[in-house]
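Residues take their numbers from the sequence shown, with the count starting at 1. A quick note: this is a predicted structure, and the numbers were derived from the prediction, not measured.
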Amino acid sequence: MAADWVLVANPQSGIKALSQDEVVNIYLGRYRHLASGLTAEPIDQAADTPIRARFYRHLVNKNVAEINAYWSRLTFSGKTKPPRVATSSEQALQLVAHTQGALAYIERSQVDARVVVVFEWPE
């Protein structure tokens, strides 16, 4: 059974699908370019949301506190910056719909014509 959440992108991004390694590398700031040449702009959900906790647990087996510590170290070193944080799933959808390189994880039930699914996690 598939997870109840998916990673979505702007339909104009040129991305049809991403591998789990690509998602990890984008969300951990290791690289920020999509295969289409666009700059990847990952969007996180708010830190206190269950979907963010599930996303990072499935993606890299880390909890939100561990991810926050990871980003604190990277930000302090000046190497990269963390993903932009949306205040709600609707804001994440709007950002993806209006930004070609944006990516966001949302509940599967929220997918609509503004976005395309580029990655699904198996349960």
Contact summary for V64 and A53, nearest pair of heavy atoms: CG2-CA, 3.8 Å
Heavy-atom check, side chain of L59 versus side chain of L28, under 4.5 Å: no
Heavy-atom side-chain proximity of R32 to P83 below 4.5 angstrom: yes
Considering all heavy atoms, the nearest P11-A113 contact: CG-O, 4.3 Å
Inter-residue atom distance R57.CZ - N63.CG, 0.5 Å rounding: 5.5 Å
Point-to-point distance, once rounded to the nearest 0.5 Å, from CG of L18 to CD of Q20: 11.5 Å
Spatial distance of atom CD1 (I26) from atom CD (E41) [nearest 0.5 Å]: 11.5 Å
Side chain proximity check, I106 to V8, heavy atoms < 4.5 angstrom: yes
Hphob cluster co-occupancy, V117 + I43, side-chain heavy atoms under 4.5 angstrom: yes
Co-membership, hydrophobic cluster, residues W71 and Y31, 4.5 Å side-chain: yes
Any side-chain donor near an acceptor of the partner, Q91 and T87, under 3.5 Å: yes
N-O pairing of D44 and R52 below 4.0 Å: yes
same_hphob_cluster(V118, V24) at 4.5 Å side-chain heavy-atom cutoff: yes
Approximate separation, where rounding is to 0.5 Å, of K62 NZ and I67 CD1: 7.0 Å
N-O pairing of E107 and R54 below 4.0 Å: yes
Polar side-chain atom of T99 near backbone of G101 as donor-acceptor pair, under 3.5 Å: no
Note, S89 side chain near Q45 side chain (heavy atom, < 4.5 Å): yes
Results of side-chain hydrogen bond (donor to acceptor under 3.5 Å, both in side chains) for Q94 - residues two or more places apart only: E90
Contact summary for L93 and Q110, nearest pair of heavy atoms: CD1-O, 3.6 Å
Closest approach of S13 to A9 (non-hydrogen atoms, all atoms of both residues): OG-CB, 3.9 Å
SB check E120 R108 (cutoff 4.0 Å): yes
Donor-acceptor under 3.5 Å (T75 side chain, S72 main chain): no
Close side-chain approach of W121 and V23, heavy atoms under 4.5 Å: yes
Spacing of L7 atom CG and L103 atom CG [to the nearest 0.5 Å]: 5.0 Å
Spatial distance of atom OH (Y56) from atom OH (Y27) [nearest 0.5 Å]: 6.5 Å
Check: F119 ring centre within less than 6.0 Å of Y105 ring centre: no
Under 3.5 Å: donor-acceptor pair, side chain of N10, backbone of A102: no
